[in-house]
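For reference, the structure is listed below as structure tokens.
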Amino acid sequence: MKHLEQIHNQSAWLTSLISVLLGMLVGAGMMLAAGYDPLLAYGALFQNAIFQPYDLGETIRTITPLILTGLAVGLAFRTGLFNIGVEGQMIIGSLAAAIVGLKFSLPPVLHSAAAVAAAAVAGALWAFIPGLLKAVRGVHEVITTIMMNFIALNLSNWLVRTWLSNGADSTDKIKESASLRWDLLSQWFDNSRIHLGIMIALLAAYGMYVLLWKTTYGFELRAVGYNPHASEYAGMNVKRSILSSMMISGMFAGLAGACQLLGTSGYLSIRGGFEGIGFDGIAVALLGANAPIGILLAAVLFGVLTYGGGNMQFAADVPFEVIRVVFAAIILFVAANLSQSIFSRARGMRREPHA
Amino acid sequence: MLDVMANILQTTVLYSTPLVLAAMGGLFSERSGVVNIALEGLMTIGAFTAAVATLATGNPWLGLAAAMLSGVAFAWPHAAASIRFKADQVVSGVAINFLALGTSVYLVKHLYDSGQTPTVQETLKRMPIPGLDQIPVIGPSLFNAFPTTYIALVVSILSYIVLYRTPFGMRLRAVGEHPRAAETMGVNVVRMRYTAVLISGALAALGGAGLSIAIGSEFNQNTVAGQGFIALAALIFGKWHPFGALGAASFFGFAVALALMGQFFGLTQYVSSEVLNMLPYVLTILALAGFVGRAEAPAAIGKVYETDSR
Amino acid sequence: ANNQADGGFKAGLVTDTGGLNDESFNQTAWEGMEKAKKELGADVKALESKRDEDYIPNLTRFIREKRDITWGIGFKFEKSMRDVAEQFPDAKLGIVDSNMGGKIPSNVVAVTFKEEEGSFLMGVIAGSMTKTNKVGFIGGITSPLIKKFEAGYVAGVHAVNPKAKVEVVYAESFTDEAKGRTIAANMYDQGVDIVYHASGGVGKGLFNEVKTRKKGKYWAIGVDMDQSRLAPDHTLSSMVKRVDVAVFDVMKDLKDGKFAGGKQVELGLKDQAVAVADTTDKYVPADVMKKVEDYRQQIVDGKINVPATDEELKSFLKK
Amino acid sequence: MNAVEMRGITKRFPGIVANDQVHLSVNQGEIHALLGENGAGKSTLMNILFGLYQPDEGEIFIREKPVKITGPTKAAALGIGMVHQHFMLVEPFTVTENIILGAEPTSRGCIDRHRAEREVREISEKYGLRVDPTARIRDISVGMQQRVEILKTLYRGAEVLIFDEPTAVLSPQEIDELMEIMENLVREGKTIIFITHKLKEIMRICDTVTVIRRGKTIGSTSVKGTSEQELASMMVGREVSFSVNKQESRPGKTVLKVQSLTVKDSRGVEAVRGLDLEVRAGEIVGLAGVDGNGQSELLEAITGLRKAHAGDILLNGEAITRLQPRAIARRGVGHIPEDRQKRGLVLDFSIGENMVLQTYDQTPFAKGFLLRYPEIFRHAKRLIEDFDVRTPDEQTHARALSGGNQQKAIIAREVDRDPDLLIAAQPTRGLDVGAIEFIHRRLVEQRDKGKAVLLMSLELDEILKLSDRIAVMYGGRIAGWLNPKTTNEEEIGLLMAGGKVGEEVAQG
Ligand SMILES: Nc1ncnc2c1ncn2[C@@H]1O[C@H](COP(=O)(O)OP(=O)(O)OP(=O)(O)O)[C@@H](O)[C@H]1O
Ligand SMILES: Nc1ncnc2c1ncn2[C@@H]1O[C@H](COP(=O)(O)OP(=O)(O)OP(=O)(O)O)[C@@H](O)[C@H]1O
Ligand SMILES: [Mg+2]
Ligand SMILES: [Mg+2]
């Protein structure tokens, strides 16, 4: 993860920008090879994603959970943990939000706040298990979080069918009082499903920044992430750090679930498989160098391409999947710092190893 | 009772075969010090290529060969990014997963104007080994299995021999533990890691191919559905050892079999099928927490290796 | 998929996450659209949904294009359809496979099928033809829709062969082909000789497995479309669900000025919207075919009330 | 005849010229010392000779023939072998596997284990390097590991052996053994290039010495015609004082009291067994012992990093036996850990952050739960100046500092916390004489300020020079107490090896 930090300096911004362009070029090449018109496709993509208020609102809605899952993955990475379980923690977050939204009756603002809080706590608890196993038994978090994803999926389906809906495929809509929708906001964006989750996501990003770089506890989390041995020598509680960083990560994931449920869908349904927003979070975090601002930007890019990509198929007949290829290419280019090596070759310099 | 055991064993073998192959792939890469979270993607591209090639040629063996080639082709950018360009290996692996899923589904839609390939008729069939397949309980599962199962077993044993008995394997492991030490002994770290990652691509793709032209008969975006990640888990669970990974993958298949058997025995009257479905995952976690615990990764895994002799 | 509008009739179709060519209801629905293009000169277009959250924007896109009708295919559209219907009261919408909990907005037509009726006939075939008195059913994800298949099938088996036992296993997936194969293999190994499935892609595994088994001894029964081409020598029958017919009929009515908004259009054997596949007589002997026809008539005539839920099945079996 | 000649070697790294027209010529069959401060460019030069780095300029001659050394394989073919400063051993592998790696004997495609082990045994007997060919590296002592390193070069038929700071990690006995081995090797006709910071070793065993400073050759001289003092000033460029000026100690009250302490190591074996120890204010207690006799476990127990199995540890009369590391540190224990990069620093943190690794949540560095970076950096700036840490600024990552400066940063941090008890474990390992001098002065300064100092070192020199009392550890116990004024290295060595000595100072 080390050299991703360099994204913070300005030449890295340039690198990212060039990588995005190169990535889109790869996508264009693929479209040309298959006989599609890339200009038409990309035109449709951006036109769809940002130019209409409705679509802009929907794009922001798409971005919202990506920010949160990106933060979840990024925070864990920062503290030396690989949380592949964001997907599952998000499912559990949705589940908790649904339970509160359906089974409780509270006044409007309080109700949604309670549902959001429940989702955050549930996500944190779901991440607590792999955290605990890692801290106490040294079990690799990659395995446990992968397994926990599948457990979450089945658990959610089971509860939806047996408890939350009386044998149906999906629950009822949550009570209006628990919703994160805000009519005024929706109206600004032409009745799209944009919701207050975006505020939660932005706050969470700011929260991660403050926590990690401004607070004493974040100092400890980062120290443990970089060097658990030295941290232990300095008197920090390494196990507690692992636990809390997993839980904060899970909390972000849970919030993403809350946003999806309380803002976007309004109900929980039986899932045939993973939605993948949690896995997308891995890409968002890595592209965003595990830093809040980077994650925000990466989520925007991801969101625009994802939502706009739907229109590409509509307007230019290009299969949506080319967007995934574009992503992959961007990530590879950024990670390999390819543009930089192209530059330095142009200047006749040799690549030097970094410390 | 015996036929129940035979059934459980059969399901175990069926389910774990692709996992074993992919885990062996991961083994080579990670033993050489390159994290391979791209197993999922490599399986995906293998499944895709196998289906397409078999549809085109009518010969599933050519399908397997083509799948291995495609695995090598998609492992190559992972190798190049993480070895040559010193990218973060997790990042690069995640990118390969996107790349493989994107490319394969894109091509399926382009080629067949559909979300899945047409049904492959010429799939690999079960191959009974005369005589042995008559042994009660283990006969029908182990000796009347898909060719991919035999391949998986052979690959596991070969992996062990190659990694622990040959100079190549010893160098590969040395590169994963202490690349600089290996370099001072004249081992070409970069070439070694490239080779390992490419082998990894071929094997993982082979595992994926089993899903589309042996057990299954088509490719769609759900064909692999997370099995690459399970294979990765099996590799870690098996402590980066060929037989460990083989055991872990089989354990997982066994847990799936148990969950299915539960339904046959009417357990669903007492517990929901969803709950039974959690069993494999819960069992894996319990096994890890209870018996296996800390697994020690190759020391240099995930670390970028800086050569100075350019 | 662009078409000239002739007579100005425009229709849109949004698939669920299964996609357009899913060899299932999305695909048959699209066939209905294409028929509308041919016979009604309609301008038809489709949008595929990647995730559940895409349903609303996709429906909205067609509505904003002022399409005369916009279809959402699959029960997963239930909630989204309601939202969109309320937001755009002037738009006309159609949903397949859901009655929207009985409360159908006035601008939505809800098309559902009596899958249990067709499944009952599959049960009749299986119950009549089993040699082992053990037949199987593979379900996808446990849900009311799949329960309809199960209940009808079990009832049908029971009706012709009360001694026969039905093994029911849910894969808890609609996509895991390997699991389908494993379940099928296990069923056959345990003496089941005929397996019916209602499990989407999981069912492919059933056909893969049965193909490798002895001809004339092990059988599969397909669902949604005629699936006999998946295993031509091992398929007894398929329960066909004519989404195309339903979709086309609704659009034809609409073009003629009749729109069944706010109503549930429930189609069964009587409407020939669920049916026994044409290829069934290939391996099913004439006497069984006759039995099937008898039961079909009784159901059409309302003499048999086919159960559609676990509870209804329980009381049906008691009789 | 010249075994090796390097002419006009220049090697540049980003921002630094590590070797600047360096000249080195080594005679066949001699032991040639390479001397220089930390960062002078010794390792770089040797890495070039071994083919790991390519020089930007210059020529190399082996046995008077010009060569291009493109990689370690080429170097091995030319008969050059290197024992690296940081061991190049694959820990989970066996001794044999490490030795044959890259040149494995095979039969039918597989490694011929028996032949390999036989060959290893043969060479090790020939040169008197006893090792167990089947042991795993992680299970054998550092001295053994070094023998494996030497065997690796011999297995490949090395004629010229480079030893890069081989003695830094060895106990006195092991150093003696190594010297013997080196003499053996020369007797067998090998040539040795020997890098060390210990002038005494050069005087003892080398024939010629070449001094480099800041990447440039200062000169070459025969060891016979020079002295330690002269070498030191050649190397540093100024006079260096070897003796530490310190007054008589005036011990005060007991700061640390360890009573019948038993500690188990990671494998559950008792590493410390019923040990008693006292350190008083205003004295330096030197803890000598062969590595692995429980010193590390003792220090870890005192600092709270390892649970005590039995016994008590009192700090200023209060039990700290069961306290967490943080609580112990706050009660006044400073700790300079053995392995600075692993334990002492977070290499990816700035110097500033590293300087507050224990105190980041206290005033003035934090207000409530918020960090105050301006204060943190101000603090770091002061320490950097006070302790002469060579770094561009306080925001530089610790990784970018040389080992010596990293060590200075740790000492600055620990001393500045003003602890009653300062534990220093191997504080000068691998450092050059200039840096050692500085650190020694700081430790004595602490003592004179009335602090209790517990110094653990494998360097008997250092122990003798700094300590007011010496405790020798053997087998998890204090084998004996010695008075530095009256004892000598031989006596300490004897105790360290488990022997008995007549004169001991009374404890307490
Ligand atoms: N790979 C590298 N990249 C950049 N700079 C380097 C590299 N290796 C060494 N240096 C720099 O080159 C100079 C010489 O380092 P070298 O390791 O040769 O010193 P040395 O004399 O061996 O020191 P020591 O006594 O501590 O071992 C140092 O300033 C160091 O910072
Ligand atoms: N690969 C590298 N890239 C850049 N700088 C390096 C590299 N390797 C070493 N250095 C630099 O070399 C210096 C220290 O080199 P060296 O490895 O000789 O340290 P050391 O021997 O541990 O410390 P000291 O020389 O103080 O004992 C540091 O400034 C470090 O930044
Ligand atoms: Mg050096
Ligand atoms: Mg050094």
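Numbered from 1 within each chain, the chains take letters A, B, ... in sequence-line order.
Heavy atoms closer than 4.5 Å to chain C are found nowhere in Thr162(A), neither backbone nor side chain. Neither the backbone nor the side chain of Phe174(C) has a heavy atom closer than 4.5 Å to any heavy atom of chain A. Residue contact with chain C, scored on non-hydrogen atoms closer than 4.5 Å, is absent for Gln52(A). For a residue to count as touching a neighbouring chain, one of its non-hydrogen atoms must lie under 4.5 Å from one of that chain's; by this rule Ser269(A) touches chain C with the side chain only. Proximity to chain A (any heavy atom under 4.5 Å) is shown, for Phe88(C), by neither the backbone nor the side chain. Contacts of Arg61(C) with chain A are made by side-chain atoms alone, with heavy-atom separations under 4.5 Å and no backbone atom involved. With a 4.5 Å cut-off on non-hydrogen atoms, Leu153(A) does not touch chain C at all. Contact of Asn58(C) with chain A is not made at all, since no heavy-atom distance falls under 4.5 Å. Residue contact with chain A, scored on non-hydrogen atoms closer than 4.5 Å, involves the side chain of Ile141(C) exclusively.
Ala168(A) and Pro144(C) make their closest contact through CA-CG, 3.4 Å (heavy atoms, listed as atom of the first residue, atom of the second, distance). Taking all atoms of both residues into account, the shortest heavy-atom contact from Arg61(A) to Pro57(C) is NH2-CG, 4.0 Å. Between Thr171(A) and Lys79(C), the shortest heavy-atom distance links the atoms O-NZ, 2.6 Å. Annotation for Gln87(C) and Asp190(A): closest pair NE2-O, 4.3 Å, computed over non-hydrogen atoms.
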Practice item. Kindly determine whether Thr60(C) and Arg193(A) satisfy side chain to side chain contact (heavy atoms under 4.5 Å, CB included), including the steps that lead there. Key: CA-CA 11 Å; Thr60(C) 305; Arg193(A) 282 173 298 165; over 6 Å; no

Q: Go through the steps for Glu48(C) and Phe320(A) under the test side chain to side chain contact (heavy atoms under 4.5 Å, CB included), then give the verdict.
A: CA-CA 9 Å; Glu48(C) 295 186 332; Phe320(A) 168 84; over 6 Å; no

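Taken from CD in Glu53(C) to OG1 in Thr306(A), the straight-line distance is 9.0 Å, to the nearest 0.5 Å.
Using a 4.5 Å heavy-atom cutoff, the side chains of Tyr267(A) and Glu78(C) are not in contact.
Interface summary for chain C: among Asn191(A), Asp172(A), Thr62(A), the most heavy-atom pairs under 4.5 angstrom belong to Asn191(A). With chain A as partner, the option from Ile146(C), Asp83(C), Leu145(C) having the largest number of non-hydrogen pairs under 4.5 angstrom is Asp83(C). Ranked by heavy-atom pairs under 4.5 Å with chain A, the list Gly140(C), Ser98(C), Ser49(C), Ser143(C) is led by Ser143(C). Contact count against chain A (heavy-atom pairs under 4.5 Å) is highest for Thr142(C) among Leu47(C), Thr175(C), Thr142(C).
Panel note: side chain Lys76(C), backbone Asp169(A); no donor-acceptor pair is recorded below 3.5 Å.
Other residues, nucleotides and ligands contribute only 12 or fewer heavy atoms inside 6.0 Å of the NZ atom of Lys38(C). A 6.0 Å sphere centred on CD of Glu176(A) holds no more than 12 heavy atoms belonging to other residues, nucleotides or ligands. Within a 6.0 Å radius of CG in Asp310(C), more than 12 heavy atoms belonging to other residues, nucleotides or ligands are found.
Residue pairs meeting the side chain to side chain donor-acceptor pair (under 3.5 Å) criterion with at least one member in residues 151-161 of chain A, sequence neighbours excluded, are Trp158(A)-Ser272(B), Arg161(A)-Glu274(B). Under the salt bridge (Lys or Arg N to Asp or Glu O under 4.0 Å) criterion, the residue pairs touching residues 261-274 of chain A are Arg271(A)-Glu275(A), with sequence neighbours excluded.
Between Lys50(C) and Asp280(A) no salt bridge is recorded (no basic side-chain N to carboxylate O distance below 4.0 Å).
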